[in-house]
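Written out below as C-alpha cells is the structure these notes cover.
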Amino acid sequence: MSVKELPFSKSLIEKIIEEYPTPFHVYDERGIRENAKRLLKAFSWAPGFMEFFAVKATPNPYIMKICRDEGFGADCSSLPELILAERTGITGEKIMFSSNNTPPEEYIKAREFGAVINLDDITHIPFLEKTTGLPDVLSFRYNPGPLRKGNVIIGKPEEAKYGFTREQLSEGYRIIRDMGVKRFGLHAMVASNELDPEYFIETARMLFEVVSEISRELGIQFEFINLGGGFGIPYRPGQKPIDIDFISKGIEGVYHIIIKNGGFHPLKIFIESGRMITGPYGFLVSKVLHKKNIYKKYIGLDASMANLMRPALYGAYHHITVLGKENLPASGIYDVTGSLCENNDKFAIDRELPEMDTGDIMVIHDTGAHGHAMGFNYNGKLRSAEILLREDGSYTCIRRAETVDDYFATLDFTDLHRA
Ligand SMILES: *Cc1c(COP(=O)(O)O)cnc(C)c1O
C-alpha cells in the first residue's frame with residue numbers, strides 16, 4: 001500500500017515560495033537517486049542491462065544529469081531531445097533514438113551523435129539509407145497487433161500507429177542483414193502506466209521468442225532487446241508500486257529458458273522508462289486563489305492544466321495534499337480547477353478535501369514525469385519554474401518561470417506599427 005508522503009516540510013516550501021512564486025514543480029533528488037539504484041540492483045543479473053531515461057518525461061538537463069550520474073542513458077525522439085542528451089553529456093550509444101514518423105534531420109543528428117537508432121517502420125530502412133547510410137547497429141520496434149492487449153493511455157496495439165508487424169520484422173532484418181548491418185536490436189512498447197508486473201515479463205517473453213525465431217530464420221545474432229517504457233506508478237493512495245524485483249526475477253526465468261537454453265546468450269536487456277524514474281519524485285506546488293460556491297464547490301488554483309495536463313487529458317488521478325491540513329478531516333467535496341477558459345481545466349473532480357482557505361498551499365503529487373513537460377501556452381498561460389530539492393536539503397531553480405517576454409519571443413511587433 002502506498003502512502004502519499006511528502007519529501008519536504010511546509011516551512012521549506014514557504015521559504016521556496018518567497019523566492020519563487022507559485023506555481024512550480026519541485027523534484028526530489030534523493031528519491032530519484034534511491035529509486036535508480038533499486039532499479040539497477042534489481043537487474044544486476046542481466047548482461048549489459050541499461051535504462052535509457054525517456055527524456056520526454058522530464059526534459060530538464062539537471063534531472064537528466066542525475067540520471068546520467070546513476071548510469072542511465074537517454075531515450076530521445078526528437079531533435080531537441082537529442083541535443084538535450086548531448087548537452088547533458090549523454091552521448092554515443094548511451095542515446096537510444098526511438099522516434100516515429102521521423103524527419104530526415106533527426107536521423108542525421110542521431111547518426112552524428114552515434115546514437116542507437118530504433119526504427120518504427122519498414123519504409124524507414126530505405127529512408128535512413130538514403131539520408132545517412134545505414135549504421136552498423138539497428139533496432140526495430142515491434143507492434144504485436146492483436147496478440148497483445150494494450151491499455152487506456154496507449155490504446156490497443158492493432159490500433160496503435162507504432163512499429164512493424166511480425167512479418168515486416170523478418171523481412172526488415174533480412175534486408176538490413178543483406179545491406180551489411182552487423183548488430184541487431186528488437187524493441188516493443190505496448191503499454192503505458194502499467195502496474196501489472198506480469199505484463200513486462202510477458203513482453204520480455206514475447207521479445208525473446210521473436211529473437212529466437214528470427215535468429216534461427218536469418219542466422220543473425222541479436223545484441224539487445226528493449227522493453228520500452230510504460231512501467232506504472234501508484235498515482236492513487238491505495239495502489240501498490242510496481243514490484244521491480246518480481247519483474248526482474250520473472251524476466252530472468254524466461255531468459256534462462258528461451259535465451260540461455262536456446263543458445264542466444266548473451267542478450268542485453270534495455271528499458272526506456274520515464275514515468276517510473278521521476279514520476280513519484282515531482283510535485284506541483286500551487287496556491288488557492290479563490291473559492292467559489294455555485295451548483296458545485298470549486299477551489300481555484302494559481303496553476304492550471306497548462307502546468308499539468310494529465311487529469312484533463314486522460315482523466316488521470318493525481319493525489320492532492322493541502323499543506324498543514326494533512327490531519328484535518330476531509331469534510332468537503334470540491335472540484336479543484338485552474339483558470340483556463342476550458343471546463344476540463346480541473347486537477348480533481350468531486351475530491352474530498354479538508355475545509356480550505358484562500359492562500360492555502362496545495363501540493364499535487366506525482367508530477368515528476370509527463371508533468372511540466374506536457375505544458376503549453378494556450379490561453380496565454382505561462383509555463384512554471386522547476387525547482388530541484390538537493391540531497392543536502394538545499395534547493396536550486398533548474399528552470400525559471402516563463403515571462404510575458406518569453407511568450408512574445410517568437411513575435412516581432414515592429415512591422416505592425418510601421419504603416
Ligand atoms: C513515452 C515513451 C517512453 C517512456 O514511457 P513511460 O511511460 O514514461 O515509461 C519510452 N519509450 C517510448 C518509445 C515512448 O514513446
Side-chain angles (χ1 to χ4, degrees), residues 27 32 35-36 39 42-43 50-60 63-64 67 72-82 84-85 90 94-102 106-107 110 115-121 124 138-144 148 150-155 157 160-164 185-197 199-200 203-204 207 224-235 239 241-242 244 247 269-282 308-310 313-314 316 318 366-374:
Y27 305 108
I32 296 172
N35 182 55
L39 173 67
F43 278 96
M50 184 81 170
E51 146 70 359
F52 294 84
F53 174 63
V55 173
K56 75 165 190 255
T58 324
N60 185 302
I63 301 294
M64 290 164 63
C67 291
F72 294 174
D75 168 48
C76 303
S77 59
S78 68
L79 190 70
E81 287 183 0
L82 284 166
L84 255 178
I90 303 175
K94 288 221 154 180
I95 304 177
M96 179 69 64
F97 187 58
S98 288
S99 58
N100 67 89
N101 192 20
T102 313
E106 298 191 352
Y107 282 135
V116 176
I117 294 176
N118 183 30
L119 294 184
D120 183 70
D121 187 57
H124 285 231
L138 260 185
S139 171
F140 295 157
R141 179 171 186 165
Y142 175 34
N143 181 333
R148 296 297 299 278
N151 68 16
V152 64
I153 295 184
I154 211 159
K161 66 173 179 170
Y162 309 111
F164 290 51
L186 173 65
H187 168 275
M189 170 157 172
V190 284
S192 191
N193 193 30
E194 180 61 60
L195 279 169
D196 178 3
Y199 198 90
F200 297 94
T203 300
L207 292 179
F224 64 86
I225 61 150
N226 180 346
L227 289 167
F231 296 84
I233 60 170
Y235 285 101
Q239 290 175 323
I242 195 161
I244 205 73
I247 293 177
I269 297 188
F270 295 163
I271 64 172
E272 46 187 34
S273 172
R275 189 184 316 274
M276 179 183 62
I277 305 301
T278 52
Y281 312 107
L308 177 70
M309 185 154 56
R310 299 190 70 260
L313 189 61
Y314 320 112
H318 278 263
D366 302 307
T367 69
H370 313 295
H372 186 281
M374 278 189 179

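Heavy-atom basis, side chains included; hydrogens, waters and symmetry copies ignored. One-based numbering, in listed order, for ligands and for the atoms of each.
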Could you please spell out the steps behind the ring-ring contact (aromatic ring centres under 6.0 Å, His included) verdict for His318 and Tyr235? CA-CA 6 Å; His318 278 263; Tyr235 285 101; 5.0 Å; yes
Next item on the list: Please report the C-alpha distance between His370 and Lys56 in whole Å, then the side-chain angles of each, then the deciding distance to 0.1 Å, and finally whether the side-chain contact (heavy atoms from CB on, under 4.5 Å) criterion is met.
Entry: CA-CA 7 Å; His370 313 295; Lys56 75 165 190 255; 3.7 Å; yes
| Passes side-chain contact (heavy atoms from CB on, under 4.5 Å), Thr278 versus Ile63? Steps please. | CA-CA 8 Å; Thr278 52; Ile63 301 294; 3.7 Å; yes
(request) Begin with the C-alpha distance, continue with both residues' side-chain angles, and end with the deciding distance and a verdict on ring-ring contact (aromatic ring centres under 6.0 Å, His included) for Phe53 and Phe72. (result) CA-CA 6 Å; Phe53 174 63; Phe72 294 174; 7.5 Å; no
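For Phe224, the ring pair (Phe, Tyr, Trp, His ring centres under 6.0 Å) partners are Phe270, not counting sequence neighbours.
The residue from Asp75, Asn118, Leu82 that alone fulfils the side chain to side chain contact (heavy atoms under 4.5 Å, CB included) condition with Phe97 is Leu82.
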Give me the pairs of N or O atoms, one from ligand 1 and one from the protein, that sit under 3.5 Å apart.
residue, atom, partner, partner atom, Å
ligand 1, 7 (O), Gly230, N, 3.4
ligand 1, 8 (O), Gly274, N, 3.4
ligand 1, 8 (O), Arg275, N, 2.8
ligand 1, 8 (O), His370, NE2, 2.7
ligand 1, 9 (O), Gly230, N, 2.9
ligand 1, 9 (O), Gly274, N, 3.0
ligand 1, 11 (N), Asp75, OD2, 3.4
ligand 1, 11 (N), Glu272, OE2, 2.8
ligand 1, 15 (O), Lys56, NZ, 2.7

